[in-house]
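Being a predicted model, the structure only gives us computed values, none of them experimental.
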Amino acid sequence: MSTEAATQHPGLSVRHRLAERGVDSQLLLLLPAVVFVIGLFVYPFLYGLGLSFQPAKGGGAFADYQRFFSDSFQRDTIWKTLRLSVPAALFNVLASVPIAYRMRGKFRGKRLITTLLVIPITLGTVLTAEGLLNFLGPAGWFNRTLMSIGLVDHPVRLINNYWGVFFSLVITGFPFAFLLILSYISGIDPSLERAAATLGADWRARFQRITLPLLAPGLATTFCLTFVLAFSVFPSAILVGDPTGATRVISIAAYQAAYEQYDYPFASAIAMVMGAVELLVIAVVLLWRSRFYVGSTGGKG
């Protein structure tokens, strides 16, 4: 009967086969999202990629890339950015795990504590930098307290250098890492740990053998997101860092090429290098995840 219907109505048969593969009219609901992604992400990326192969000073398609890597002042921005973003992302992820592990259950005050931990999301980079300047500056509360109790004779320099930017990245990145880790760790079935406890496993063994392997995909994803957030640091590197020295990150190099030198092809080349480095680090993390965890539950028990 179905064969006869397919023979009489070939168009209906094609639609039926497409529907079995998930291709139907409901896909039109994705159209606005596709247009949004193409307009705001795909097209700018392709435009910048093409522009990077059109150096303003000539010399061939890869002249601007060669110019970037042959200049140590420009090339070192990669290391300076990694030196900030990787430790900040690691710290945010590692600090989030024990807190989220403790807060995955229900207890009084959980909502208040969670709110306090994620409040920095609402502060913004500029307000965070202003707070660091007032708190950790030479005349800030922290240094005045240290000098008043006699621990130091001179103010400790914690801003306008590497540490100022690092603290800013931790403050702004920790809430995102905490919320992601909390969502992943809350999805692990607690009965798995209870079963291990009945077999004599202590809390450390339960965490190492059950929770951590199941949490590995979540840790990798969280690190990648917080790393990308930290790697694109720009305002903090200027406001509480040393933009001409230790914290001259790659985003500053791209900004200076575009809006100080008005060399947009060179700025595009720097941006492409920036994206390539991010993808390389993400690939390494995902490779680690694939070796550490091979399950199909996505990190949830």
When you measure from the side chain of [X] to the backbone of [Y], do you find a donor-acceptor pair of N or O atoms at a distance under 3.5 Å?
{"X": "Arg209", "Y": "Leu212", "answer": "no"}
{"X": "Arg206", "Y": "Ala201", "answer": "yes"}
{"X": "Asp71", "Y": "Arg67", "answer": "no"}

Answer yes if [X] and [Y] sit in the same cluster of Ile, Leu, Val, Met, Phe, Trp and Tyr residues linked by side chain heavy atoms under 4.5 Å apart, and no otherwise.
{"X": "Leu94", "Y": "Val86", "result": "no"}
{"X": "Leu229", "Y": "Leu123", "result": "no"}
{"X": "Leu286", "Y": "Leu214", "result": "yes"}

- Min side-chain heavy-atom separation Ile113-Met103 under 4.5 Å: yes

- Message: Any non-hydrogen side-chain atom of Gln74 less than 4.5 Å from a side-chain atom of Phe266?
- Response: yes

- Task: Check Ala257 against Ile270 and note the closest heavy-atom contact, atom names and distance.
- Result: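 Looking at all heavy atoms of both residues, the closest pair is CB-CD1, 4.2 Å.
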
- Message: Can you give me the closest heavy-atom contact between Ser268 and Leu51, atom names plus distance?
- Response: OG-CD2, 3.4 Å

- Polar side chain donor-acceptor pair, Tyr65 to Ser52, under 3.5 angstrom: yes

- Message: Regarding Ser236 and Ser168, do their side chains bring together a donor and an acceptor under 3.5 Å, going by distance alone?
- Response: yes

- Query: salt bridge (Lys or Arg N to Asp or Glu O under 4.0 Å) with Arg104: which residues, sequence neighbours excluded?
  - Reply: Glu193

- Is it the case that Arg83 places NZ or CZ above or below the six-membered ring of Tyr162, under 6.0 angstrom from the centre and within 45 degrees of the axis?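 Arg83 over Tyr162 ring: yes.
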
Return the orientation label for the [X] and [Y] ring planes: parallel under 30°, perpendicular over 60°, tilted otherwise.
{"X": "Phe135", "Y": "Trp141", "result": "perpendicular"}
{"X": "Phe227", "Y": "Phe231", "result": "tilted"}
{"X": "Phe178", "Y": "Phe174", "result": "parallel"}

- Query: Who else is in Ile119's hydrophobic cluster (ILVMFWY, side-chain heavy atoms under 4.5 Å, direct or via others)?
  - Reply: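 Leu112, Leu116, listed by chain and number.
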
- For Leu180, which fellow cluster members are found when Ile, Leu, Val, Met, Phe, Trp and Tyr are connected by side-chain heavy-atom distances below 4.5 angstrom, either directly or through intermediates?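 So far as hydrophobic clustering goes, Leu180 is joined with Leu225.
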
- Item | Worked verdict on Val281 versus Leu82 for side-chain contact (heavy atoms from CB on, under 4.5 Å) | CA-CA 10 Å; Val281 174; Leu82 288 173; 4.1 Å; yes

- Task: Could you tell me whether Asp189 and Arg194 have a side-chain N and a carboxylate O separated by less than 4.0 Å?
- Result: no

